[in-house]
There are 2 protein chains.
Amino acid sequence: MYIYDLTLTLSGILSFALQAYDRVFSESENSLHTNDFKNTLLKALDRDIIGRLRLQPVKFELKHEIEKPDDPIEHLYFLEEGMASMTTTFKDGSQVEVGMFGYESAIGVSALMGTKVSLNRIYTQIAGHGYSCQVEDARREFRLGGHFQFLALRYVQAQLVQAMQSAGCNAKHNFEQRLARWLLICADRAHTDTFKISHEFLADMLGGRRPTISTTAGILKRKGLIEYSRGEIRILDIPGLMKVSCECYLIIKDHLDNYSKFDTAITA
Amino acid sequence: MYIYDLTLTLSGILSFALQAYDRVFSESENSLHTNDFKNTLLKALDRDIIGRLRLQPVKFELKHEIEKPDDPIEHLYFLEEGMASMTTTFKDGSQVEVGMFGYESAIGVSALMGTKVSLNRIYTQIAGHGYSCQVEDARREFRLGGHFQFLALRYVQAQLVQAMQSAGCNAKHNFEQRLARWLLICADRAHTDTFKISHEFLADMLGGRRPTISTTAGILKRKGLIEYSRGEIRILDIPGLMKVSCECYLIIKDHLDNYSKFDTAITA
DNA sequence: ATATCTTTGTACGGTATCTGACATAACTTG
DNA sequence: CAAGTTATGTCAGATACCGTACAAAGATAT
């Protein structure tokens, strides 16, 4: 409890500082690399590029399927709020999550990598909204080789790290560690500590069975790290969850948080 | 035994056909997109690009470390023969394989994605040789936005598929399936049915324990699919292994085999 | 040949997770 | 408020794999 209060205080200070920071920049209207987007990638782009992408606002409802395997990719999506999962589906119908998308996301970048069709299923886990962009507009901008290309490539790289770390994690870490990791990444991506998701779905994401997740979630609940009821989960103690989670959380978080920063040589 | 003889015969016919194919093309010396490389990516490049990359032949000895986490990437490597593994290493010292590199590989492409330092350990599992290229030369060529960029991006995409499929596979499939998958991909990447690797190392790759691998390998041996002794494994029955393996093998193989093909909309 | 090292075989108690089933609790609908 | 639906709790037997230990067999060095 003490630790949690400390976190609140710290984040309070931080958000105050950030608001001040935003005010300074919104006053210098001509400043490059500054706009009102919440999406990491869009936020980092300057006005003319944003203009050329011809963005359209989009709403994402719960369980909306953004990409379907083998379907042609026609749009890129940049989430501002909400969270989406990418899963691989096996022949027996079971699925496992291989990537998460939040406010840092550019969904559909593989279309810029020379692939025409979607490789995996992507669908909304937490309803939200964002922007879409025609894949041709994105391709045209990408080919210019400028900042948009830079960011798209860095983001693909971050996705690769996420997938690789998940591969190792799924092989070595138990469900308590992985559930904690999932909850933390989800909270980060969606900027929220409460979200609607059932044990059934969590089991799919982690590649386990529902009763296993129920007992594992029960352990976290008894430890006072989370609370939940009928599909609604609330995170109570982030530092506590981090202690339970495996190291994979911070590695993935680091890359998803920082891929857009120009001068960072990202080190795990 | 019967199946194995059939396989030998088929591969005999195939290699004869391929030799004939090579002869035809080496006669038309000026043809674009044709050269004597065995490496998929280099093979697909035309003469002027190859020239600009200023390739240097390299030998890779067993267990040679090609990339080390956090070390700056200074060269790209294109394997012609041999096989290398990329692993993620956890704090407790254990490691799990997250990618394999063979004759299709371009090791170090993440340097073209905006990352300066290596993310994971990469080291030779099967000794071989190939070509190296200064990362600056590769970056310069990449920025031209031509065929080299196209292929590098497609290859990164193939790596992403490999990592994502491994993530799902490690979560859902058992050791017999995954061992069979590993052996098949290894045989494909290294173009060989015999390779030196101990159970100890296989355990690391698959994220299991050595005794587990020993018993699992014993099962495959008793089924007549492989034979082995003191670190040398030979694959006897590819179709048989494919039956034992999970679907992940073909999905990964498809992408690694075909990423370089211009007009293929790769479908898993 | 002997000693040493590496690799593999195997055994055994312990644990995590599976599988399937059933019960209960909390919402939703009529 | 009764009935139906969805989400969760729980249990018990089965299985896969762990962790550890030790033995045997094949290589290598002396």
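Just so it is clear: chains get the letters A, B, ... in the order the sequence lines come, proteins before strands, and each one is counted from 1. Quick caveat: nothing in here was measured; it's all calculated off a predicted structure.
- In the region residues 166-178 of chain B, proximity to DNA chain D at under 4.0 angstrom, judged on heavy atoms, holds for B:Asn174, B:Phe175.
- With salt bridges taken as basic N to acidic carboxylate O contacts below 4.0 Å, one links A:Asp257 and A:Arg189.
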Which side-chain N or O atoms in residues 216-223 of chain A pair as donor and acceptor under 3.5 Å with protein atoms at least two apart or in another chain?
from     : atom 1 : to       : atom 2 : distance (Å)
A:Thr216 : OG1    : A:Thr212 : O      : 2.6
A:Lys221 : NZ     : A:Tyr228 : O      : 3.4
A:Lys223 : NZ     : A:Glu176 : OE2    : 2.6

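- One interatomic measurement links the two molecules: CZ of A:Arg230 to P of D:dT5, which rounds to 14 Å at whole-angstrom precision.
- Although no hydrogens or angles enter the test, the distance criterion places no donor-acceptor pair under 3.5 Å between the side chain of A:Arg181 and the main chain of A:Cys248.
- Atom CD1 of A:Ile219 and atom C1' of D:dT8 are 15 Å apart (whole Å).
- Between B:Ile252 and B:Ser166, the shortest heavy-atom contact is CD1-OG, 4.3 Å.
- Two end axes, each from the C1' atoms of five base pairs, can be drawn for the helix from C:dA1-D:dT30 to C:dG30-D:dC1; they diverge by 30°, to 10 degrees.
- For the pair B:Gln177 (side chain) and B:Asn174 (backbone), a donor-acceptor distance under 3.5 Å is present.
- Counting heavy atoms from C-beta on, the side chains of A:Thr88 and A:Phe90 come closer than 4.5 Å.
- In 5' to 3' order, the nucleotides of DNA chain C bounding all contacts with chain A (an atom under 4.0 Å from a heavy atom) are C:dT17 to C:dC27.
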Using atom types as modelled, flag every donor-acceptor pair under 3.5 Å from a side chain in residues 125-132 of chain B to any protein atom, sequence neighbours excluded.
from     : atom 1 : to      : atom 2 : distance (Å)
B:Gln125 : OE1    : B:Lys63 : NZ     : 3.1
B:Gln125 : NE2    : B:Ser85 : OG     : 3.4

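- Nucleotide D:dG26 holds its C1' atom 14 Å from the OH atom of B:Tyr228, rounded to whole Å.
- Within residues 195-211 of chain B, the residues having any heavy atom closer than 4.0 Å to DNA chain C are, in order of number, B:Ser198, B:His199, B:Arg210, B:Pro211.
- Across the interface with DNA chain C, nearest-nucleotide mapping of A:Thr212 and B:Gly231 shows B:Gly231 to be the residue nearer the 5′ end.
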